[in-house]
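Written out below as structure tokens is the structure these notes cover.
Just so we're on the same page: letters track the sequence lines, and every chain starts at 1.
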Amino acid sequence: MFRRVLVANRGEIAVRIIRACRDLGVSPVTVHSEADRDSLHVRLADESFEVGGAASRDSYLNGERVIEAARVMEAEALHPGYGFLAENGGFAARCAERGLVFVGPPPEAMRRMGDKAAARAAAVEAGVPVVPGSDIVAGRDAERAAPEIGFPLLIKAAAGGGGMGMRLVRDPSDFSDSLREAQSEAEAAFGDARVFLERFVENPRHVEIQVFGDDFGAVVHLGERDCSIQRRNQKLLEESPSPAISPELRAGMGEAAVRLARGAGYRNAGTVEFLLDPEGRFYFLEMNARLQVEHPVTELISGTDLVALQLRVAAGEPLGFAQSDVSLRGAAIELRITAEDPFAGFVPATGRIREFRPPAGPGVRCDAGIVSGSVVSPHYDPLLAKIIVSGPDRETARKRAIRAVRETRLVGVASTLPFFERVLSSAPFRSGEFDTSFVARHWPSLSRNGEDGESAARAELAPLALAAAAAELWRREGANAKASAAPPSRWRLAGVAEAHRERL
Amino acid sequence: MFRRVLVANRGEIAVRIIRACRDLGVSPVTVHSEADRDSLHVRLADESFEVGGAASRDSYLNGERVIEAARVMEAEALHPGYGFLAENGGFAARCAERGLVFVGPPPEAMRRMGDKAAARAAAVEAGVPVVPGSDIVAGRDAERAAPEIGFPLLIKAAAGGGGMGMRLVRDPSDFSDSLREAQSEAEAAFGDARVFLERFVENPRHVEIQVFGDDFGAVVHLGERDCSIQRRNQKLLEESPSPAISPELRAGMGEAAVRLARGAGYRNAGTVEFLLDPEGRFYFLEMNARLQVEHPVTELISGTDLVALQLRVAAGEPLGFAQSDVSLRGAAIELRITAEDPFAGFVPATGRIREFRPPAGPGVRCDAGIVSGSVVSPHYDPLLAKIIVSGPDRETARKRAIRAVRETRLVGVASTLPFFERVLSSAPFRSGEFDTSFVARHWPSLSRNGEDGESAARAELAPLALAAAAAELWRREGANAKASAAPPSRWRLAGVAEAHRERL
Amino acid sequence: MRRVLSLDGEDRRVEVRAADGVLRVGIEGGGAELIARETPGGWTITNGRRTVEAGVAGGRNGELVVEIAGHTYRFAADQGAAGGSRRRGAAAGGTAGGRSEVRTPMPGKVVRLLREEGEQVAAGDGVLVFEAMKMQNEIRAPASGVIANMRAARGTPMEGGELLFVVEPAESA
Amino acid sequence: MRRVLSLDGEDRRVEVRAADGVLRVGIEGGGAELIARETPGGWTITNGRRTVEAGVAGGRNGELVVEIAGHTYRFAADQGAAGGSRRRGAAAGGTAGGRSEVRTPMPGKVVRLLREEGEQVAAGDGVLVFEAMKMQNEIRAPASGVIANMRAARGTPMEGGELLFVVEPAESA
């Protein structure tokens, strides 16, 4: 095992990786930006190196500085976490050149999976279902290809982006007109009229498979995570097992994911994402060549430590278990607590966190990047903490998740905690019957009777809230008052509460 | 299931039971003493009722007031936790008379197991090994009985207490003299010269079996906990599996415990404690007719929620699983974090907790009764929190426990955290080869190089400690200064840190 | 201490007094006093039967935001309170005695300062560029005068409703 | 701010200054300045490479107890600091200008008051009964005079080193 590992990230994932290092007896060191000098990951590491200004491009994305930090602090390996440099094949290759072990897949596998077209080709090669589609087509060929793909379908500009040159066609009789429109729009926008066709998967679930490979040819999967609760393609809640998956389907998806990883020469942790249609057919979407945000869901049901496993495999150890050794127990749900106001269109919130008290007790894990007093700045991802709960079954985990949300104290910035309380309590979530349209379809009504709405419980607590506001005013005015009855002893326990108690 | 349950306890166990209620959708209500008006368990409950003054006998031990609280708050059941009223058979019977379900074993089973002689008789009846011993003996009968029991043995006064009239005899030739001494000492002290003999189990391990029974005749066991790390019979650290137990021995002890529970008409959660001698023989010690402090160790390896199970069984539900369904996975260790100074003879510490930040992340659970700002008073048990870690094997759990201890921030009162850091890192603990003499034998040397000793790491950090002390002086003098540069805005985020940042 | 707090458009009179190491809060027409005890994140409030943890933070527009058991309450304080006047609306800030305060419209940061403290500005002149939600907006002087009390610093994250700068009437500068 | 702090019997001179939103602490003969930032439980301290969380609490005898990474450091402050004099020893407390302060010898509580504020006492008279570690001890007046500033109250938990009462010389009362 390595003596020292550089954690090249920030926030909750840096803290998560530091913990894995400590559990393995490895010395964790980190990098930080100017804005993160006092961050939790810096406090928990054995050393930290300032790599640049607050903006990510000046610091966490500055590969050269990060590699320099590893050299200065004498780290033998680098764990990139997710985001930032995690899927940068060029950076991984540079680490290797400098003799620094990059904890992740080989650069070639990263590059291949990072290119959507190459990844799709690899899936086809491995016999993994992809969304039916065509090569580049035009005119007659397109007319012929369309019925084979089936409706509804998407016409997509080959050079496209931002929805330009894209058409959703539901009725076959609209196809010719839509094709002409798409081509001329693509020509106008990109100077390139080429289009291709793709089956439109309606109301899919988003289900992904965790895979893991070592240097000795072993590749296993650790079951699925259902990530259908999303907002604009941002995952908000993930769970395992998926309420939509039978053991047979799990085995089929798992085998497909392992085939793909094996074919691509994949090693270390990776995730194969699929769309699952209402008829239970799955289609390869993309492969994430890194640790996922939602990896703890899998850890809780499989009894593994995926980050420790990443470090072991990167250090050249074998996986140590086979597919038949993988046993999945119970159910787990992860909630991404972000600094966003769900009642104001998920606008990012910033500020100082006056108090953070994570949930605890049986079946509750919290991976946080913040503590009381942390500053949430606009420079980075708004993810503050992940609450991950487990229980013998989905319903136990669901109730426990509600308890954990209610128990969490997060004062000073708006967060998605109330979003989760409502989603978890809602009938469609409880039933397990939903797809990626859940948030768009249900949040508008769930958010009503919202923070400004009236409910019996809210009205009952209003006098208590009024008292809290009054007490706070009293405290703030007292804190500003120049004179106080008697100066508190300098040697007493400190803290505002104490000082006030003396004043009373 | 009950609609509302009264949690008749305080501290971490009250919080633990409140969480189980919430996970089941049950409304938890509590009682509190005058000293506990602002305690965490009161804050987390739906309602709380003040039952009396700070002293336990005036409040938590006041059965009539507690039953009155249940009536006022309309609770249908009462969970006693451990300690206080938990093993009071008379109280349990009174609850039943008032139509309040007592979450625990039937009063008759509690009474029988509460009487040491009756419990020993029940064990003998059930064919469970007890420490070899005699009935009341004197003179010739004693001389004859001694060799059958074997040496070393204890001569104990039947009416004894506090060590009076007790003699440890290692050499058979000392027996006659010791017997005379013991009898005359007992006569002098108690006016009762009767004695009996008992085999002295040297350097035993303390190993206990968790059992569970329902109203339908099912009784199962959930494996063992090794509680050999004790100080003066107070458990400090518990783990499962025991490093000293083979699968065969576990099965044997488990079956013995189940036989005993079944024979005693036991229902709900209970623990059968055994002494394990160095040759691997086990002897019944006593049965605890309640939830144990260390129950989370079993929860983590068995994937169960014992408190939820207690509530279900008390509500008349069947256990829902059989012995063959019990699967134990991995290893778990619990640390009891108490407000005691391990470098000063474990003298109790009191005061206000300036900051408490529990450990978190993978494999770490923390059941705490405190939060930042809590006051530790001398009125109650010094247990502040339990850190319970799990991992695939003992060594992973051990390293994780060290990480969790180091991560914990507990500022304002002395605690046993440094005790655990040293014990967990010590060679004898690591080896797993120790017995109940561990603390007496090893702590004196482990505590040397103690808080006032010198080590390279300590010396290296000394300038940083000096800077912290200097900063704190600066802050305290500033807090006392009458004038400050500019009064901070009353509407800004509050907090001392913030106010100071404005002052800078 | 007596104050008026406004919740959901309704004014409520409250009285706070310290006694026996706690705060006692009376609410006009609200029955028995409530007990408040300070915590790191706000207060615990007891009404005799129930004790809740109330988180308190400053919100936009100088509100006090109280959160209890997942419910959020936004309070505006009366103008009579010493040392702080009730803020009106977002962004624009208020004008008192010819002074114009300019505040952040929402959380974000200043990415460029166009004027410095002490400089003369005409109404409508751009003073700084503020970035929020990845969009940059020029913040303009609401009145002619001199920039005073420039609190904005390049790159520093700010909350909504924080003071950016003040425009003092030119004659008083 | 300049102070002298004593650690393990050795006096160290320190200087603290506030700049750029942090505290900078210089240690005589100690090389580069250290940076301190406040946290709820104390301070984070950075020496450029390493940032540690230091918990700070008041200990017995007026010490400052600093805990970093499981190591404990006990500091005595110099007498020059404004507003607080260094305490001598446990229990007995100090005498300044004829006044005698009596402090708690260790954490515990007062179980009985034998004298009240304002009462005359002779040296050696029992003033109150203090319980610690389940043992009760009578706390006696260290000098003749009048009981002043009785901080002890029956049943209230107290820390070690807290003021119980003061004995003022009789002529000044």
Problem - Contact origin within B/Arg406 toward chain D - heavy atom pairs under 4.5 Å - result: neither
Practice task
Please determine, among B/Ala467, B/Ser372, B/Pro378, the option with the most heavy-atom pairs under 4.5 Å with chain D.
Solution key: B/Ala467
Problem - Gap between atom CE of D/Met158 and atom OG of B/Ser377 - 0.5 Å precision - result: 14.0 Å
Exercise for the section: Work out which heavy atom in B/Ala471 is nearest to a heavy atom in D/Val16; give both atom names and the distance. Expected result: N-CG2, 4.5 Å
Completion exercise
On a heavy-atom basis, the closest approach of D/Val14 and B/Ala470 is CG2-CB, 3.8 Å
Handout entry: Shortest non-hydrogen separation from D/Ala57 to B/Gly412 and the atoms involved
Key = CB-CA, 3.8 Å
Handout entry: Expected output: side-chain B/Arg354 to main-chain D/Val56 donor-acceptor under 3.5 Å
Key = yes
Exercise for the section: Check step by step if side-chain contact (heavy atoms from CB on, under 4.5 Å) holds for D/Trp43 and B/Arg475. Expected result: CA-CA 10 Å; D/Trp43 299 82; B/Arg475 188 184 72 79; 3.6 Å; yes
Practice task
Give the minimum heavy-atom separation between D/Gly58 and B/Arg476, together with the two atoms involved.
Solution key: N-NH2, 4.1 Å
Problem - Which atoms of D/Ile27 approach chain B - backbone, side chain, both or neither, heavy atom under 4.5 Å - result: side chain
Exercise for the section: Could you tell me which non-hydrogen atom of B/Ala462 sits nearest to which non-hydrogen atom of D/Leu7, and how far apart they are? Expected result: CB-CD2, 4.2 Å
Problem - Where D/Ile68 and B/Leu464 come nearest, the two heavy atoms and their spacing - result: CD1-C, 3.8 Å
Problem - Side chain, backbone, both or neither of B/Ala414 within contact of chain D (heavy atoms, under 4.5 Å) - result: neither
Practice task
Kindly compute the distance separating CD (D/Glu38) from CH2 (B/Trp474), expressed to the nearest 0.5 Å.
Solution key: 8.0 Å
Practice task
Could you tell me which portion of D/Glu53 (side chain, backbone, both or neither) has an atom closer than 4.5 angstrom to a non-hydrogen atom of chain B?
Solution key: both
Practice task
Indicate yes or no: at least one non-hydrogen side-chain atom of B/Leu473 is less than 4.5 angstrom from one of D/Leu5.
Solution key: yes
Practice task
Taking D/Tyr73 for its side chain and B/Arg458 for its backbone only, find out whether a donor-acceptor pair lies under 3.5 Å.
Solution key: yes
Problem - Under 4.5 Å from any heavy atom of chain D - which part of B/Leu417 - result: neither
Exercise for the section: Could you walk me through whether B/Leu466 and D/Phe75 pass the side-chain contact (heavy atoms from CB on, under 4.5 Å) test, one step at a time? Expected result: CA-CA 8 Å; B/Leu466 193 59; D/Phe75 292 93; 3.3 Å; yes
Exercise for the section: Inspect the surroundings of CZ in B/Arg231 and state if more than 12 heavy atoms from other residues, nucleotides or ligands are less than 6.0 Å away. Expected result: yes
Handout entry: CD (D/Glu117) with more than 12 external heavy atoms under 6.0 Å
Key = yes
Problem - B/Glu460, CD atom: more than 12 neighbouring heavy atoms under 6.0 Å - result: no
Exercise for the section: Indicate yes or no: at least one non-hydrogen side-chain atom of B/Arg357 is less than 4.5 angstrom from one of D/Thr39. Expected result: no
